[in-house]
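In listed order, ligands and their atoms are each counted from 1.
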Amino acid sequence: MIDSFAFTQAVLDTLKGHIAVLDQAGTIMAVNEAWRRFGQKNGLQTPDACLGVNYVAVCDQVVSEDDAVAHLVAAAIRGALAGHKDGARLEYSCHSPQKQRWFTVQISPVQINDQRYVVICHQNITRRKRAEIKLQESHTRFRHVYQNTAAQLQYQSILLQNVSDAIVATDQQFKVTHWNQAAETLYGWTAAEVLGRPVRDLLKTEYPHSTEEQVYQEFVTHGLWKGDVIQIRKDGVKRSIMSSVSAFKDEAGQLMGVVAANRDITEQKVAENALRQSEERFAKAFHFNPAALILTSLMDGRILDVNEAYTQLLGYQRAEVVGRSGLELNIITNPEERAEVTRRLRETGSVRNYETVVYHRAGKKHHVLASLEPMEVNGERCILSALYDITERKEAEALLEQTMAELRRSNHDLEQFAYVASHDLQEPLRAVAGMVQLLRQRYGGQLDDRADEYISHAVDAAARMQTLINDLLTFSRVSTKGQTFAPVSGEAILQDAINSLKVAIAESGALITHDPLPTFLGDARQLTQLLQNLISNALKFRGEAVPHIHIRAEESDGEASVAVQDNGIGIAPEYFERIFVIFQRLHTRREYPGTGIGLALCKKIVERHRGRIWVTSQPGMGSTFFFTIPTSQMSLEPGKGQSDAHF
Ligand code: ADP
């Protein structure tokens, strides 16, 4: 029995639980080693000091707030001692200043030979409890996150199912857990097809503006990434996507998955690109344009932008003019003019080549041709104006006009002078010629030989001078006494010219032929004179052969090009210009008579008709004189041919 007790005691001592045996009265009869040690640790003097203590009473006395359990223990012990067969097992916590511990207390009734005992066993379950608490916490956390996430996702899924953005959620492995209606539409995959599949395999996301590494870094740091990506649809078509990806994490910061809201911006991108390209093109065309360009507000004329050419033209820096108006800066000075241009712009949509004046910063006036076009920039109604500086042209025009006026006046003066001189000189000259003639008749042969010679020279000189003055008069009359232009038959004037040269033609035995001639528009008398001079020269400057003169004409664009061709002595090329100058001759009067006015007169007549005259020839091979003469009003329009400002 003793051995058996000792054995039991030894076994009990090895157990970690604190075990005590109470007698019928609830007094501690025996304890194990663990109980003793616990007792000592908690203030008992000796290991056995606990023996004989009434444990029920101890429990009853416990008053600390957390020991409602002690009373339950007391009640359970009483129940057991009173004969209840079921024991009790209670759990309680025990706070010490250092730490909290947890225990269970097992109350087990024992009946031996009508004697009732109660075995009390306190067991430290702190470690287990802690583990349980952690587990519990973890569960709670999980549930919390899960419930939150689940509830949120459920809530969101209803919401997100209906949003236009494609919503794609994944788990930690980036496998699809959610795929809304818009995602089905955008990517062409149904939710059923993609759930559980890695999102990477499906969408093959490319990051055009950053590396995958950068995106990942930003995502890890901020839990959020926004940007444009390229993703592929089920049908293989790539789309531009604006993506916003958020991480969702548990409370411990563990990544639970990601949610992406994606929007197809392909069309928008295309439009944006087109817009950007067009804006770039406009900006380039604006800034590098050689014309001075200025963008102003339609409403108040405020300058919004100017280009380099504008700043150069008007001597301002861009920053000096932007935000101000041309009137304010004195670039333009007439407010009514601006109002008028704006009105025309509203009425007609645009204004082209409007001639106006702008002022340089230093005050210099610039004549410009302005073309204005309304346009919208950033929602504001604007006017784009292009200014072409025509100051130089204007000044040149003014100078030309002035020179022309002077030339016209001096030409007129000269013509008047030539006319008056030749006309008025005729009279005294006729008297001189008459007198020297008389002198010769009366005193010829009566004085000495020398006197006869002098008289003869005087008579010749007077006659030549008369011819020259007559020629000069004829020449000056081309413009002063010309007739108005009228249609005149080419055949008729040729016939008139030939008729007046009948004698010379007969003498030389010349053959004159011609092709059909058109109707000219001009002064009949002068045109006859023109042909007459050319034919007469062809007869005069004939070679050994019998003269053959051929006249032909070609008509185009309202003018005829007439050629008078001969088989005469020809002209060396170096004289092609000179022969048309008044009184210029290539021969002496003895070789060929003449004053050198014939071709100058031809030139003056042709130019009065706004035509040209020139020659082609080779010495000994004949010459061809060409001239152009209008056949219709068209070729008499301003700018055609030359003016008649020649003398
Ligand atoms: P002129 O006949 O009085 O000399 P023109 O002005 O008619 O004056 O002619 C100027 C010069 O041009 C002539 O002196 C002659 O040398 C040259 N010339 C004009 N017509 C012909 C021609 N048909 N053949 C060769 N030379 C010509």
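- Of the protein's non-hydrogen atoms, the one nearest atom 7 (O) of ligand 1 is Asn537 ND2, 2.8 Å.
- The closest heavy-atom contact to atom 1 (P) of ligand 1, among the options Lys603, Lys540, Arg589, comes from Lys540.
- Note on ligand 1: Gly568 sits outside its first shell, no heavy atom being nearer than 4.0 Å.
- Of the candidates Thr588, Leu586, Val615, the one placing a heavy atom closest to atom 14 (O) of ligand 1 is Leu586.
- Each of Thr616, Ile571, Val564 was scored for a side chain to side chain contact (heavy atoms under 4.5 Å, CB included) with Ser623, with one residue passing: Ile571.
- Phe541 CD1, 3.4 Å is the protein heavy atom nearest to atom 21 (C) of ligand 1.
- In terms of protein heavy atoms, atom 3 (O) of ligand 1 is closest to Gly596 N, 2.8 Å.
- If you look at Ile571 next to ligand 1, the close heavy atoms, those under 4.0 Å, all belong to the side chain.
- Close approach of ligand 1 to Thr595 (heavy-atom distance below 4.0 Å) involves ligand atoms 3 (O).
- Near Gly594, with a cut-off below 4.0 Å to any heavy atom, the atoms of ligand 1 are 3 (O).
- Contact check on Glu336 versus Arg343 returns no salt bridge, with no Lys/Arg side-chain nitrogen under 4.0 Å from an Asp/Glu carboxylate oxygen.
- For Pro593, no nitrogen or oxygen atom sits less than 3.5 Å from a nitrogen or oxygen atom of ligand 1, counting backbone and side chain alike.
- The shortest contact between atom 5 (P) of ligand 1 and any protein heavy atom is with Leu599 N, 3.6 Å.
- Among protein heavy atoms, atom 10 (C) of ligand 1 sits closest to Gln584 O, 3.6 Å.
- No heavy atom of Phe580 sits closer than 4.0 Å to any atom of ligand 1.
- Using modelled atom types, one finds no donor on one side chain facing an acceptor on the other under 3.5 Å when comparing Ser325 with Arg302.
- Scanning the protein for heavy atoms near atom 17 (C) of ligand 1, the closest one is Ile579 CG2, 4.0 Å.
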Check against side chain to side chain donor-acceptor pair (under 3.5 Å), Ser456 and Glu453: CA-CA 5 Å; Ser456 175; Glu453 191 190 332; over 6 Å; no
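- Residue Arg346 places its CZ atom among 12 or fewer non-hydrogen atoms of other residues, nucleotides or ligands, all under 6.0 Å distant.
- Between Glu280 and Lys284, no side-chain nitrogen of the basic residue sits less than 4.0 Å from a carboxylate oxygen of the acidic one, so the salt-bridge criterion is not met.
- Environment of CD in Gln446: crowded, with over 12 heavy atoms of neighbouring residues, nucleotides or ligands closer than 6.0 Å.
- Proximity of Asp566 to ligand 1, defined as any heavy-atom pair under 4.0 Å, is confined to the side chain (atoms from C-beta onward).
- Given atom 4 (O) of ligand 1, the protein heavy atom at minimum distance is Arg585 NE, 2.7 Å.
- Protein heavy atom in closest approach to atom 16 (O) of ligand 1: His587 CD2, 3.0 Å.
- Rounded to the nearest 0.5 Å, atoms NZ (Lys365) and OG1 (Thr333) are 8.5 Å apart.
- Using a cut-off of 4.0 Å between Lys/Arg side-chain N and Asp/Glu carboxylate O, Arg610 and Glu559 are scored as not salt-bridged.
- For Tyr388, the ring-ring contact (aromatic ring centres under 6.0 Å, His included) criterion is met by no residue, not counting sequence neighbours.
- Side-chain atoms of Gln466 and Arg430 include no donor-acceptor pair closer than 3.5 Å.
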